[in-house]
Amino acid sequence: MFTGIVEEIGRVKAIKHGTRSVTLAVEAPYVMQGTQVGDSIATNGVCLTVTTMSPTGFTADVMPETVNRTSLAELKPGSTVNLERALTLQSRLGGHIVQGHVDGTGKVCRRSSDDNAVWLWVECPAALMHYIIEKGSITIQGVSLTVARVENTTFAVSLIPHTQAMTTLHAAKVGDTVNIETDVIAKYVEKLLAPQTAAAPADTTIDSQKLDNYRRFMNHKV
């Protein structure tokens, strides 16, 4: 579990490509503090498990499912990535509840400046837009943000100077693919409120003991 508050911008040191998988080596001295092999680190919003580590970085395996759903396959040596260690019970929830389970990807389709802010417009598949609402929470490249506008198949976020300075989104340009995680609460609410498509058949068997008790009760009624 994460908050979407980026702790460090790491740099991809090396990439090893398998048949359908990827192994990443990332330089990131800050997030190595207190980290152990087996811990989770959100990398551009993707929850990855540390498989080996040193004081200055870590490696992580990216399985085919993750490669297919995210933009991690597009990384190359020298690419920068947003990093966040897993949430602890002592942490402030400064962003929102982020699982690190990317729902899919979108493409930056517009970028503009507004005084000290930068606006990013992202185009997404309809399946993702279904869960995106104005003033709701969204995670882009692992960064917790507030949805400022929604128009058809696009939505916009506004980046304050701190977010620009502390994340890779300051360099996001039109055409870039970005990882998107929608609000997990919306998905669970939808699932719980959805009508059941196949209700379990009613149990029409009669318990013989209950039937005998009922008959005795009726025979002794006054």
Side-chain angles (χ1 to χ4, degrees), residues 1-13 15 22-63 65-67 69-75 78-106 108 118 120 122 128 132 136-147 157-172 176-185 187:
M1 193 73 70
F2 306 92
T3 69
I5 304 299
V6 173
E7 296 184 285
E8 181 179 13
I9 296 178
R11 187 173 298 276
V12 176
K13 183 178 180 181
I15 301 177
V22 172
T23 298
L24 294 178
V26 180
E27 291 181 337
Y30 181 80
V31 297
M32 289 298 94
Q33 299 175 30
T35 296
Q36 300 179 9
V37 171
D39 285 353
S40 297
I41 295 180
T43 306
N44 274 0
V46 182
C47 179
L48 298 179
T49 300
V50 174
T51 53
T52 66
M53 58 174 289
S54 71
T56 60
F58 68 96
T59 63
D61 295 323
V62 185
M63 61 185 176
E65 169 70 4
T66 306
V67 171
R69 283 184 176 265
T70 74
S71 65
L72 293 187
E74 298 181 7
L75 296 175
S79 295
T80 55
V81 288
N82 295 318
L83 301 173
E84 181 191 356
R85 291 168 295 185
L87 179 68
T88 70
L89 294 179
Q90 289 77 36
S91 302
R92 287 187 173 92
L93 189 60
H96 70 284
I97 297 173
V98 176
Q99 293 183 298
H101 301 164
V102 170
D103 294 300
T105 59
V108 177
V118 170
L120 289 182
V122 180
L128 295 186
I132 299 174
S137 296
I138 192 76
T139 307
I140 303 177
Q141 295 289 81
V143 183
S144 173
L145 297 166
T146 300
V147 177
V157 294
S158 183
L159 311 178
I160 62 174
H162 180 78
T163 304
Q164 297 171 45
M166 298 301 294
T167 76
T168 63
L169 293 182
H170 72 277
D176 282 355
T177 301
V178 291
N179 294 321
I180 302 292
E181 181 183 335
T182 59
D183 190 350
V184 64
I185 295 176
K187 290 179 281 190

S.K.: From Thr167 OG1 over to Glu8 CD, what is the distance, rounded to the nearest 0.5 angstrom?
M.R.: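 So the OG1 of Thr167 and the CD of Glu8 are separated by 13.5 Å.
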S.K.: Starting at CD of Gln141, measure out to CG of Asp176 and round the result to the nearest 0.5 Å.
M.R.: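 Rounded to the nearest 0.5 Å, the CD-CG separation comes out at 8.0 Å.
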S.K.: Is it true that a side-chain atom of Asn44 and a backbone atom of Asn82 form a donor plus acceptor pair closer than 3.5 Å?
M.R.: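 Yes: the side chain of Asn44 pairs with the backbone of Asn82.
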S.K.: Under a 3.5 Å cutoff, is there a donor and acceptor pairing between the side chains of Asp61 and Thr23?
M.R.: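 Yes - a donor-acceptor pair under 3.5 Å links their side chains.
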S.K.: I want to check something: taking the side chain as every heavy atom from C-beta on, are Leu159 and Gln164 in contact at a cut-off of under 4.5 Å?
M.R.: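 A side-chain contact exists here, since the closest heavy-atom pair is under 4.5 Å.
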S.K.: Given Val157, which partner from the list Val122, Ile140, Thr163, Val118 fulfils the side-chain contact (heavy atoms from CB on, under 4.5 Å) test?
M.R.: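 Of Val122, Ile140, Thr163, Val118, side-chain contact (heavy atoms from CB on, under 4.5 Å) with Val157 is met by Ile140 alone.
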S.K.: Taking the side chain as everything from C-beta on, heavy atoms only, tell me whether Val81 gets closer than 4.5 Å to Leu24.
M.R.: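 Side-chain contact under 4.5 Å: no.
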S.K.: Any chance the side chains of Thr52 and Thr59 put a donor and an acceptor closer than 3.5 Å?
M.R.: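 Yes, side-chain donor-acceptor contact under 3.5 Å.
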S.K.: side-chain contact (heavy atoms from CB on, under 4.5 Å) between Ile41 and Phe58: does it pass, once the steps are laid out?
M.R.: CA-CA 10 Å; Ile41 295 180; Phe58 68 96; 4.0 Å; yes
S.K.: Kindly indicate, with the supporting measurements, whether the criterion side-chain contact (heavy atoms from CB on, under 4.5 Å) is fulfilled by Ile138 and Thr146.
M.R.: CA-CA 6 Å; Ile138 192 76; Thr146 300; over 6 Å; no
S.K.: Is it the case that the side chain of Thr35 and the backbone of Val31 share a donor-acceptor pair, with hydrogens and angles ignored and the cut-off at 3.5 Å?
M.R.: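 Such a contact is found between Thr35 side chain and Val31 backbone.
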S.K.: Are a donor atom and an acceptor atom from the side chains of Asn179 and Ser71 found within less than 3.5 Å of each other?
M.R.: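 Yes, Ser71 and Asn179 have a side-chain donor paired with an acceptor closer than 3.5 Å.
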S.K.: If we check side-chain contact (heavy atoms from CB on, under 4.5 Å) with Val62, which of these qualifies: Leu75, Thr49, Val22, Ile15?
M.R.: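 The residue from Leu75, Thr49, Val22, Ile15 that satisfies side-chain contact (heavy atoms from CB on, under 4.5 Å) with Val62 turns out to be Val22.
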S.K.: Between Arg85 and Asp39, is there a donor-acceptor pair closer than 3.5 Å when you use the side chain of the first and the backbone of the second?
M.R.: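 Side chain of Arg85 to backbone of Asp39, a donor-acceptor pair under 3.5 Å: no, none is there.
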S.K.: To check you understand the geometry: which heavy-atom pair defines the closest contact between Met32 and Gly57, and what is its length?
M.R.: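 Answer, listing the atom of Met32 first, then Gly57: SD-O, 3.1 Å.
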S.K.: So do the side chains of Leu48 and Val26 get within less than 4.5 Å of each other, counting heavy atoms only?
M.R.: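 Heavy-atom side-chain distance check fails, nothing below 4.5 Å.
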S.K.: Looking at every heavy atom in both Gly100 and Phe2, which two are closest together, and how far apart are they?
M.R.: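 Smallest interatomic distance, heavy atoms only, reads N-CD1, 4.1 Å.
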S.K.: Out of curiosity, Ile180 CD1 to Thr139 OG1, how far, rounded to the nearest 0.5 Å?
M.R.: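 Going from CD1 on Ile180 over to OG1 on Thr139, the span is 8.5 Å.
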S.K.: Testing Glu84, His96, Glu181 one by one against Ser144 for a side chain to side chain donor-acceptor pair (under 3.5 Å), which residue passes?
M.R.: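 That would be His96; it is the only one of Glu84, His96, Glu181 passing the side chain to side chain donor-acceptor pair (under 3.5 Å) with Ser144.
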S.K.: Output all residues satisfying side-chain contact (heavy atoms from CB on, under 4.5 Å) with Glu65, sequence neighbours left out; order by chain, then residue number.
M.R.: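 Glu65 satisfies side-chain contact (heavy atoms from CB on, under 4.5 Å) with Met63, Arg69 only.
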S.K.: How about CD1 on Ile97, more than 12 heavy atoms from neighbouring residues, nucleotides or ligands closer than 6.0 Å, or not?
M.R.: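 No, not enclosed.
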S.K.: Please report the interatomic distance SG(Cys47) to NE2(His101), rounded to the nearest 0.5 Å.
M.R.: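 Answer rounded to 0.5 Å: 5.5 Å.
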S.K.: Check the pair Thr168 / Ile9 against side-chain contact (heavy atoms from CB on, under 4.5 Å), numbers first and verdict last.
M.R.: CA-CA 7 Å; Thr168 63; Ile9 296 178; 3.9 Å; yes
S.K.: Within the 4.5 Å heavy-atom criterion, are Asp103 and Lys187 side-chain neighbours or not?
M.R.: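 In contact.
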S.K.: Indicate yes or no: at least one non-hydrogen side-chain atom of Glu27 is less than 4.5 angstrom from one of Thr56.
M.R.: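 When only atoms from C-beta onward are counted, Thr56 and Glu27 do not touch, as no gap falls below 4.5 Å.
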S.K.: Listing request: all salt bridge (Lys or Arg N to Asp or Glu O under 4.0 Å) pairs with a residue in residues 46-55, at least two apart in sequence or in separate chains.
M.R.: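 Listed once each, the pairs would be none.
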S.K.: Does the side-chain contact (heavy atoms from CB on, under 4.5 Å) test come out yes or no for Thr43 and Leu83, once each step is laid out?
M.R.: CA-CA 5 Å; Thr43 306; Leu83 301 173; 3.7 Å; yes
S.K.: Would you compute the distance between atom NE2 of His170 and atom CG of Leu120 and round it to the nearest 0.5 angstrom?
M.R.: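 Rounded to the nearest 0.5 Å, the NE2-CG separation comes out at 11.5 Å.
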